[in-house]
Number of protein chains: 2
Amino acid sequence: MTSKTVSKALSVLNSFTSENPSWGLRELARHLDMNHTVVYRLLSTLEEEGYVFHNPDTQKYELGIKLIELSNVVEEHLKFAELIEPIMKKIALQTGESVVFTILDNEEGVFLKIVESEQQVRFAESVGKRSPLYIGASHKVILAYLPEEIQNRIIDDGLSNNAQHIESKEAFFEVLEKIKHQGWYYTAGETFNDVAAISIPLFDHKKNILGSISVAGPKYRVTIEETDRMLISLQENYQSLSSVLRKSFFPSRRKFLMNTLS
Amino acid sequence: MTSKTVSKALSVLNSFTSENPSWGLRELARHLDMNHTVVYRLLSTLEEEGYVFHNPDTQKYELGIKLIELSNVVEEHLKFAELIEPIMKKIALQTGESVVFTILDNEEGVFLKIVESEQQVRFAESVGKRSPLYIGASHKVILAYLPEEIQNRIIDDGLSNNAQHIESKEAFFEVLEKIKHQGWYYTAGETFNDVAAISIPLFDHKKNILGSISVAGPKYRVTIEETDRMLISLQENYQSLSSVLRKSFFPSRRKFLMNTLS
DNA sequence: AACAGTGGTTCTATTATAGAACCAGAAAGA
DNA sequence: TCTTTCTGGTTCTATAATAGAACCACTGTT
């Protein structure tokens with residue numbers, strides 16, 4: 001059993017994204033298809049605790065600094081984040097490109113940590129970016145190791161959303177097969193137009209898929225011809241990555257995803 | 001009017017701090033003096049949306065990665081954060097110490113941004129740290145410019161909590177007077193045992209106090225004798241800091257504080 | 001074997017919520 | 001200038017969601 005009121009409050013919070021970082025009251029109510037009185041009460045409550053900020057100049061609502069506070073608690077607690085950093089740095093140094101750590105969260109992928117290369121387009125601002133599992137090497141490599149039933153549902157979701165990167169269901173399943181066969185995947189221009197990436201999957205001690213690690217950079221540098229070099233670096237560090245994941249608390253919400261299995 | 005249920009849910013979230021990053025269900029219920037069934041329902045709801053993570057190994061609840069996601073939205077939106085960074089870096093370079101940007105939020109001070117010096121003890125992990133306004137130069141310098149009624153209440157709060165750094169009410173008001181007279185303040189070992197800081201206040205266009213900017217470092221380096229040098233750097237950059245604050249959205253929740261005035 | 005913990009579940013009296021109808025003010029259009 | 005149509009915010013009560021006692025099943029301790 002979950003609380004309906006709290007669910008609504010969280011859906012209010014979830015409405016604030018990079019694309020829509022501020023909302024007017026009635027605007028947000030329409031977006032959520034809720035009565036504006038209700039949204040008002042929720043926003044007021046969130047504001048009182050600093051989760052939301054009511055900008056007096058624009059009269060709009062925005063996310064509050066309480067969230068910065070809490071995210072700091074998470075990051076501090078996530079010891080794995082600091083354990084994994086030196087390994088990611090090593091890969092970045094070896095390849096000369098940025099390294100992205102992606103985590104499976106419910107039925108989406110989230111960029112949890114990014115280590116930038118020296119010569120890089122800014123990337124780090126994408127930390128926390130969440131997207132469906134059918135987009136990009138980092139995500140596809142995760143999808144490949146999920147139960148077929150879930151793969152089916154996620155691909156269908158993509159098709160019904162007219163996702164650009166799914167040609168046909170058959171072709172997509174072939175990609176997933178290929179990934180499982182070779183253990184890595186390369187894509188260009190899926191998550192970001194000018195960015196290409198090569199990714200390998202990461203598992204827990206029970207061989208459950210947890211996330212992925214990727215080398216990413218501008219298309220013209222990270223070409224399919226270069227993948228060999230980068231793959232070697234990824235595979236060289238695979239063991240240390242796995243042992244870190246095994247040792248430390250890891251907030252992958254696989255549970256919810258698996259509960260959807262019939 | 002605010003929502004009681006959502007307030008409870010937020011108080012659940014607020015229970016997760018650096019000191020207490022994970023809670024058992026009944027443990028948390030006791031802490032909040034709530035029925036464990038209620039806490040269970042709230043946690044389940046928060047978990048469903050990724051705000052909370054139920055660690056299957058320890059059976060304890062922890063904050064979820066959704067918060068990292070949201071904090072990234074806040075930071076992206078906070079254009080002032082990037083505008084202020086070069087100025088803070090300049091001060092860090094000039095003084096050789098870390099620079100801390102503190103914001104007034106309701107009746108507390110929050111470290112919103114920290115630029116580290118090269119030669120520094122790690123400090124940045126304190127981003128988001130929240131503490132009462134009677135502790136530390138960065139906070140006292142804010143308190144000095146608040147209405148007397150609020151100063152009174154905050155000091156009384158401190159006294160009833162047996163705060164270490166308040167000798168007597170009279171002595172404390174003298175400190176606040178001194179701050180207003182000289183426009184800066186120096187403390188050593190208040191917020192952190194081995195750290196000293198010198199701070200100046202920051203105001204909006206209506207001369208309302210918004211926050212403060214501080215130079216901070218280990219006591220043995222940031223001595224009272226060194227303050228002149230650092231003060232010059234702070235004051236040199238004061239105008240650029242003010243103009244940035246004037247230009248950009250700034251989430252200081254003064255409103256709630258001011259609403260408490262009789 | 002008894003006991004005291006734990007996380008999780010069920011059920012209904014009670015309480016908090018949803019949402020229509022209502023402000024007052026701002027902006028847009030005629 | 002006078003409507004009209006927005007906006008954020010408020011009030012009130014039928015009704016829907018919540019609180020919390022009593023209850024599992026399980027684990028660890030004595």
Side-chain angles (χ1 to χ4, degrees), chain A residues 1-16 20-64 249 251 253-256 258-260, chain B residues 1-16 20-64 249 251 253-256 258-260:
Chain A
M1 199 54 193
T2 55
S3 162
K4 305 233 161 121
T5 314
V6 176
S7 283
K8 283 173 198 163
L10 297 182
S11 75
V12 163
L13 274 184
N14 292 343
S15 303
F16 295 87
N20 282 308
S22 57
W23 291 95
L25 167 60
R26 281 174 135 97
E27 186 188 8
L28 181 53
R30 272 193 306 274
H31 169 75
L32 291 168
D33 197 22
M34 287 165 65
N35 184 292
H36 83 276
T37 312
V38 176
V39 177
Y40 178 73
R41 186 163 1 99
L42 298 175
L43 281 170
S44 299
T45 314
L46 291 166
E47 192 191 3
E48 205 170 56
E49 295 289 335
Y51 287 74
V52 147
F53 172 69
H54 192 201
N55 195 326
D57 296 332
T58 61
Q59 278 278 76
K60 294 206 167 189
Y61 290 88
E62 312 171 347
L63 290 179
F249 145 78
R253 294 185 309 149
R254 302 182 66 261
K255 178 173 134 191
F256 287 94
M258 294 311 155
N259 282 348
T260 61
Chain B
M1 200 53 194
T2 56
S3 161
K4 306 232 161 125
T5 314
V6 176
S7 284
K8 282 174 198 161
L10 297 182
S11 76
V12 164
L13 273 184
N14 292 342
S15 303
F16 295 87
N20 282 309
S22 58
W23 290 94
L25 168 60
R26 281 173 135 97
E27 185 188 8
L28 181 53
R30 274 193 303 275
H31 168 75
L32 292 167
D33 196 24
M34 285 164 67
N35 184 292
H36 84 276
T37 310
V38 176
V39 176
Y40 178 73
R41 184 158 8 95
L42 297 175
L43 281 170
S44 300
T45 314
L46 290 166
E47 191 192 4
E48 205 171 53
E49 294 289 335
Y51 286 75
V52 148
F53 173 69
H54 192 201
N55 195 325
D57 297 333
T58 61
Q59 277 278 75
K60 295 206 168 188
Y61 289 88
E62 314 172 343
L63 290 180
F249 147 78
R253 294 188 307 149
R254 301 181 66 260
K255 178 174 134 190
F256 287 95
M258 294 310 155
N259 283 347
T260 60

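In this text, all values refer to a predicted model and were calculated from it rather than measured experimentally. Proteins get letters first, then strands, A, B, ... in listed order; numbering begins at 1 in each.
The closest side-chain heavy-atom distance from Leu13(B) to Leu42(B) is not below 4.5 Å. A heavy-atom distance below 4.5 Å is not found between the side chains of His54(A) and Glu62(A).
Between the side chain of Ser3(B) and the backbone N or O of Arg41(A), no donor-acceptor pair lies under 3.5 Å.
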Applying side-chain contact (heavy atoms from CB on, under 4.5 Å), run through Val6(A) and Thr2(A) and close with a yes or a no. CA-CA 8 Å; Val6(A) 176; Thr2(A) 55; over 6 Å; no

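At least one side-chain nitrogen or oxygen of His54(A) sits closer than 4.0 Å to the OP1 or OP2 atom of dG9(D). Contact between the side-chain N/O atoms of Tyr61(A) and the OP1/OP2 oxygens of dG9(D) is found at a separation under 4.0 Å. At dG5(C), none of the side-chain N or O atoms of Arg30(B) fall inside 4.0 Å of OP1 or OP2 (strictly under the cut-off).
Nucleotide dA21(C) holds its C1' atom 17 Å from the OH atom of Tyr40(A), rounded to whole Å. Between Glu27(A) atom CD and dG8(D) atom C1' there is a gap of 13 Å when expressed in whole angstrom units. The CG-P distance, from Leu43(B) to dT9(C), rounds to 13 Å in whole Å. One can place CG of Leu25(A) at 11 Å from P of dT10(D), the figure rounded to the nearest angstrom. Distance Asn55(B) CG to dT6(C) P: 17 Å, rounded to the nearest Å.
Put simply, CD on Glu49(B) and OG on Ser7(A) are 6.0 Å apart, with the number rounded to the nearest 0.5 Å.
Contact detail for Phe16(B) and Tyr61(B): the closest heavy-atom pair is CE2-O, 3.1 Å. For Ala9(B) against Leu46(B), the heavy-atom pair with the smallest separation is O-CD1, 4.0 Å.
Taking the C1' atoms of five terminal pairs at each end of the helix from dA1(C)-dT30(D) to dA30(C)-dT1(D), the two resulting helix axes are inclined by 30°, rounded to 10°.
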Please table the atom pairs, donor to acceptor, closer than 3.5 Å between any side-chain atom in residues 24-38 of chain B and protein atoms at least two apart or in another chain.
residue: Glu27(B); atom: OE1; partner: Gly24(B); partner atom: N; Å: 2.7
residue: Asn35(B); atom: OD1; partner: Thr37(B); partner atom: N; Å: 2.7
residue: Asn35(B); atom: OD1; partner: Thr37(B); partner atom: OG1; Å: 3.0

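Side-chain atoms of Arg26(B) and base atoms of dG5(C) include no donor and acceptor less than 3.5 Å apart. For His36(A) against dG9(D), a side-chain-to-base donor-acceptor contact under 3.5 Å is present.
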Base-contact (B) and sugar-phosphate-only (S) positions in nucleotides 10-20 of chain C, heavy-atom cut-off under 4.0 Å, - elsewhere: B-----SSBBB

